[in-house]
Amino acid sequence: MSQNPKPADAAAPRLGKLLKRSFFNRSVHEVAPDLIGATLLVDGVGGMITEVEAYHHLDPAAHSFRGPTPRNRIMFGPPGFAYVYRSYGIHWCANFVCEAEGSASAVLIRALQPTHGVAAMRRRRGLQEERALCSGPGKLCEALGITIKHSELPLDQPPFALHARLGKPEIAAGVRIGITKAVDLPWRYGLKGSRFLSKPF
DNA sequence: AACGGGATGTTCT
DNA sequence: GAACATCCCGTTT
């Protein structure tokens with residue numbers, strides 16, 4: 001027997017306190033950069049958020065821009081809930097609803113650095129390279145097991161756990177990816193220098 | 001490194 | 001019928 005077996009997530013950093021729903025009761029433009037460095041876990045699997053995008057109600061690229069539908073109705077409710085939608089008929093993408101009820105803003109979670117449950121993520125993604133496990137919104141949902149079943153669930157209750165970041169990271173900003181409307185708004189935020197991004201800034 | 005095509009659910013015109 | 005907040009894999013620079 002080895003005297004000191006290596007834990008599955010040996011490099012997992014210490015976690016900050018759990019974020020409450022009220023964290024999201026602010027402008028999406030404050031919440032989005034503040035999420036960089038926070039740790040997102042779903043049933044204990046996840047990591048440190050490295051890339052997000054802000055979508056505001058008055059932004060033509062936002063799903064809420066044309067008003068409520070059965071799909072996006074959670075965006076028109078109170079903050080601190082998940083909005084999950086299917087992208088291109090294949091992938092899931094996860095958002096966190098922000099601002100006051102009715103404001104219909106949300107942050108798209110685009111990438112994270114795997115820290116917890118890496119073996120589970122590799123299994124779900126059928127992939128070894130840690131860099132590519134969660135380097136995009138669809139990949140991230142597959143790795144964390146996020147589906148439509150998670151939509152409209154509160155973010156401060158299981159299976160979600162969102163831990164505050166410990167330090168204050170340097171934030172990079174740039175234009176959002178993969179959209180055709182409002183393409184020049186610099187509402188993509190990321191962890192400066194991170195290698196766990198969908199694309200460099 | 002950049003580009004093209006295929007997969008395909010939900011919403012919108 | 002087209003568009004879409006994507007990803008993967010093959011082909012071409």
Side-chain angles (χ1 to χ4, degrees), chain A residues 24 27-29 31-36 38 40 42 46-47 49-77 79 81-99 103-114 120-153 155 171-191 194-201:
Chain A
F24 296 96
S27 161
V28 70
H29 300 301
V31 174
D34 276 0
L35 280 169
I36 300 301
L40 167 65
V42 179
I49 296 172
T50 56
E51 180 185 338
V52 302
E53 285 175 356
Y55 287 89
H56 188 271
H57 185 189
L58 303 177
D59 158 17
H63 285 179
S64 55
F65 183 67
R66 293 167 196 283
T69 68
R71 179 177 70 157
N72 67 17
R73 62 178 189 153
I74 191 67
M75 290 182 75
F76 292 83
F81 287 79
Y83 164 49
V84 182
Y85 70 92
R86 196 181 281 280
S87 174
Y88 291 91
I90 296 176
H91 309 286
W92 300 106
C93 291
N95 298 253
F96 297 166
V97 176
C98 294
E99 306 199 14
S103 74
S105 302
V107 178
L108 172 67
I109 311 302
R110 289 192 54 90
L112 59 77
Q113 175 173 351
M121 290 191 257
R122 286 197 170 110
R123 187 165 59 246
R124 288 167 175 159
R125 294 269 297 120
L127 204 87
Q128 282 305 304
E129 310 153 60
E130 221 165 292
R131 287 265 302 265
L133 288 178
C134 302
S135 57
K139 301 178 189 179
L140 184 156
C141 282
E142 183 173 46
L144 271 58
I146 297 175
T147 71
I148 191 64
K149 286 188 267 186
H150 295 86
S151 198
E152 312 197 356
L153 295 182
L155 296 168
I171 307 290
V175 295
R176 297 172 293 181
I177 292 179
I179 58 174
T180 56
K181 299 168 204 139
V183 294
D184 293 327
L185 296 175
W187 291 349
R188 174 179 177 235
Y189 302 98
L191 179 61
S194 173
R195 299 172 350 265
F196 298 88
L197 302 170
S198 67
K199 277 177 60 176
F201 279 82

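All values below were derived from every heavy atom in this structure, side-chain atoms included, with hydrogens, water molecules and symmetry-related copies excluded. Each chain gets a letter, A, B and so on, in the order the sequences are listed, and its residues count up from 1.
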Salt bridge (Lys or Arg N to Asp or Glu O under 4.0 Å) involving A/R86 - partner list, sequence neighbours excluded: none
Gap between atoms NZ and P, on A/K199 and C/dT6 respectively (whole Å): 11 Å
For atom CG of A/N72 and atom P of C/dC4, their distance in whole Å: 17 Å
Distance, rounded to the nearest Å, where A/R71 contributes CZ and C/dA5 contributes P: 8 Å
Gap between atoms CG and C1', on A/L197 and C/dT6 respectively (whole Å): 17 Å
Rounded distance in Å - CZ (A/R125) to P (C/dT6): 15 Å
Per A/P137 side chain, nearest of listed nucleotides C/dC7, C/dA5, B/dT10: C/dC7
N/O contacts under 3.5 Å, protein versus nucleotides 10-13 of chain C?
none

Phosphate-side-chain proximity, A/R66 and B/dT13, N/O vs OP1/OP2 below 4.0 Å: yes
Within 45° cone and under 6.0 Å: A/R73 NZ/CZ vs A/Y83 ring: no
For DNA chain B, the residues among residues 81-91 of chain A that have a non-hydrogen atom under 4.0 Å from it: A/R86, A/Y88, A/G89, A/I90
A/E51 bridged to A/K199 by N-O distance under 4.0 Å: no
Basic-acidic side-chain contact under 4.0 Å: A/R125, A/E142: yes
Consecutive-pair stems (at least three Watson-Crick or G-U pairs, under 3.5 Å) that include DNA chain B: B:1-7 with C:6-12, B:9-12 with C:1-4
Least distance between heavy atoms, A/V52 atom then A/I49 atom: CG1-CG2, 3.6 Å
N/O (side chain, A/K139) to phosphate O (OP1/OP2, C/dC8) under 4.0 Å: yes
A/Q113 and A/S194: side chain donor to acceptor below 3.5 Å: no
Results of side-chain contact (heavy atoms from CB on, under 4.5 Å) for A/L153 - residues two or more places apart only: A/H150, A/P159, A/F160
Residue list, side-chain contact (heavy atoms from CB on, under 4.5 Å) with A/R122, at least two apart or on another chain: A/V118, A/Q128, A/E130, A/L133
Whole angstrom value for the distance that separates P of C/dA5 from CZ of A/F65: 13 Å
Sugar-phosphate, base or nothing in reach of A/T180, heavy atoms under 4.0 Å: sugar-phosphate
Between C/dA3 (C1') and A/H63 (NE2): distance, integer Å: 11 Å
